[in-house]
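All residue numbers refer to positions in the sequence shown, counting from 1. Heavy atoms only: backbone and side chains are in, while hydrogens, waters and symmetry mates are out. Order of appearance sets the numbers: ligands from 1, and atoms from 1 within every ligand.
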Amino acid sequence: MAARTVIDPQVIVSHEFPQWSFTYSERDVSLYALGIGACLNDPVDDKELKYVYHRDVQPIEVLPTFAAIFPSQILSLMANSPGLEFDSHLLLHGKQDIEIYKPFPSSCCILNKAAIVGVHDKGKAALIEIEILCYEKESGVLLCRNLMTLYLRGAGGFSNSSQPYSYSKYPPSDKAVAAPKIPRTKPFAVYEECTQPSQALVYRLSGDYNPLHSDPTVAEIAGFSRPILHGLCSLGFAVRAIIKTICGGDHNMIKNISGRFLLHVFPGETLITEMWIEGGVRVMYETRVKERGGAAVVAGSVLLSQLKASL
Ligand SMILES: CCCCCCC[C@@H](O)CC(=O)SCCNC(=O)CCNC(=O)[C@H](O)C(C)(C)COP(=O)(O)OP(=O)(O)OC[C@H]1O[C@@H](n2cnc3c(N)ncnc32)[C@H](O)[C@@H]1OP(=O)(O)O
């Protein structure tokens, strides 16, 4: 039986989520790094060992995309959100934006504050934008902001008027969901890397247990021939490519990350990330799957604090 769909925008945006904590240790940090491919193809890589191995007295370092893990519990909170019912099998991650305000400690207790800040009726789908502010619980310092867009297939068509419903707390709403403009010139850098067939099974241990990524039956119900990779895992590969090739291994240069998921990735496929530098400190990127004729799977931009003098 098809799941009931209810999208009541007014109720959804006025709902207040309870705040919740997320505690992580160095073990979680390194498991996450392995999940997004750190040291995967080179276990002694000097630029990446610091994310997975505690050398001397140095604490393990934290990759910037780890920010997206802090609110892992958000989907279960949304399941109890009033005015919002949808078929979870048809949910896809559409877009992720991450703003980093402070470097992340190697272990920490995070306090998450979430709100639904956008609802859009796309006819065949509903787009839901969720903002999550992540604080270091002890000090109250704001570490980062996540903005995730969920694409709910089959949940569109809830508008009452002839004009499709579109609300965003951060207008213009079109901009919030617009596809990134990727240059068609020769890229500044290109980085190729294989994911492992077990990549999603490792990545899920960081907190996104959506069975779409692990259960063949669920993947089939969702319309895929087999489990697909988490969008945030592909984004992690893309941002690592930028850190390695453009930031010279210095992840602290990254201030803002934006990625739109254009197509699913199957674990085991080869990802090729092409990068362009724009306006001095902005990197535009597009990641493609080698095996499927170079189809683009994730694209967006990364803002750096400064560019390496050597570039
Ligand atoms: C830690 C907490 C984690 C919480 C998240 C947990 C969830 C995860 O477990 C789930 C996942 O990771 S799923 C895997 C990652 N995502 C994907 O693989 C999706 C890839 N994208 C697609 O398949 C298509 O682009 C698709 C299907 C998304 C859209 O394709 P089409 O149906 O062809 O849509 P199209 O006709 O091109 O566009 C319709 C309107 O929607 C807007 N839009 C399209 N793709 C979007 C996207 N990715 N993000 C935001 N908006 C998007 C379009 O702009 C269009 O709007 P308009 O008509 O106004 O132009």
Side-chain angles (χ1 to χ4, degrees), residues 20 22 24 28 32 35-36 65-79 86-98 110 112 114 116 118-132 134 144 146-157 159 163-166 168 172-181 195 199-200 203-215 218-219 222-224 226-238 258-267 269 271 287-289 292 295-300:
W20 77 100
F22 169 81
Y24 67 85
D28 301 307
Y32 168 78
I36 62 159
T65 45
F66 188 62
I69 293 297
F70 299 162
S72 297
Q73 215 188 310
I74 188 68
L75 284 191
S76 46
L77 289 172
M78 283 179 66
F86 58 92
D87 186 343
S88 61
H89 292 114
L90 300 181
L91 175 150
L92 291 172
H93 200 162
K95 196 167 179 284
Q96 182 82 22
D97 294 281
I98 303 170
I110 300 289
N112 289 299
I116 293 183
V119 180
H120 309 271
D121 187 348
K122 295 294 178 188
K124 58 185 172 183
L127 282 183
I128 308 285
E129 294 173 86
I130 309 136
E131 177 185 59
I132 307 110
C134 308
C144 62
N146 279 287
L147 181 64
M148 65 175 65
T149 306
L150 299 179
Y151 189 94
L152 309 181
R153 291 175 290 168
S159 305
Q163 182 72 8
Y165 185 90
S166 185
S168 188
S173 56
D174 282 356
K175 209 171 174 186
V177 293
K181 295 231 176 334
T195 64
Q199 202 71 52
Y203 181 83
R204 71 190 284 277
L205 301 176
S206 285
D208 182 352
Y209 297 104
N210 184 344
L212 171 63
H213 310 293
S214 49
D215 188 324
V218 172
F224 299 101
R226 57 193 163 100
I228 63 170
L229 202 58
H230 304 70
L232 288 176
C233 182
S234 310
L235 182 65
F237 269 82
S258 178
R260 173 151 150 155
F261 305 113
L262 306 167
L263 193 67
H264 58 279
V265 175
F266 290 117
E269 289 186 316
L271 299 178
T287 301
R288 302 171 171 279
V289 168
R292 275 183 284 151
V297 291
V298 49

Novice: Based purely on interatomic distance, does G231 place a nitrogen or oxygen under 3.5 Å from a nitrogen or oxygen of ligand 1?
Specialist: yes
Novice: Just heavy atoms, cut-off under 4.0 Å: does H120 contact ligand 1 by side chain, backbone, both, or neither?
Specialist: neither
Novice: Tell me whether L91 has any N or O atom under 3.5 angstrom from an N or O of ligand 1.
Specialist: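 Among all N and O atoms of L91, none is under 3.5 Å from an N or O of ligand 1.
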Novice: Would one find an N or O of N210, backbone or side chain, under 3.5 Å from an N or O of ligand 1?
Specialist: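 Yes, N210 has an N/O under 3.5 Å of an N/O on ligand 1.
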Novice: Is H213 in polar range of ligand 1, meaning some N or O pair under 3.5 Å apart?
Specialist: yes
Novice: Mark up the atoms of ligand 1 that fall under 4.0 Å of a heavy atom belonging to L127, in ascending order.
Specialist: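 Once the distances to L127 are compared, the set is 50 (C), 51 (N).
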Novice: What are the atoms of ligand 1, with element, lying closer than 4.0 Å to any heavy atom of L75?
Specialist: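 Reading through ligand 1 atom by atom, the close ones are 6 (C).
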Novice: Which one holds for A68 and ligand 1: side chain close, backbone close, both close, or neither close, with close meaning a heavy atom under 4.0 Å?
Specialist: backbone
Novice: Pull out every atom of ligand 1 sitting under 4.0 Å from any heavy atom of Y151, numbered as shown with elements.
Specialist: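 Under 4.0 Å from Y151, ligand 1 has these atoms: 27 (C), 28 (C), 29 (C), 31 (P), 32 (O), 34 (O), 39 (C), 41 (O), 43 (N), 44 (C).
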Novice: Would one find an N or O of F261, backbone or side chain, under 3.5 Å from an N or O of ligand 1?
Specialist: yes
Novice: Do any nitrogen or oxygen atoms of D208 lie less than 3.5 angstrom from nitrogen or oxygen atoms of ligand 1?
Specialist: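 Checking ligand 1 against D208, an N or O pair does fall under 3.5 Å apart.
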Novice: Say whether G94, considering both its backbone and side-chain N or O atoms, lies within less than 3.5 Å of an N or O atom on ligand 1.
Specialist: yes
Novice: With only distance considered, is K122 within less than 3.5 Å of ligand 1 through an N or O on each side?
Specialist: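 N/O-N/O distance below 3.5 Å exists for this pair.
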Novice: Below 4.0 Å, non-hydrogen atoms only: which portion of L229 touches ligand 1? Side chain, backbone, both or neither.
Specialist: backbone
Novice: Between H230 and ligand 1, is there a nitrogen or oxygen pair with a distance under 3.5 Å?
Specialist: no
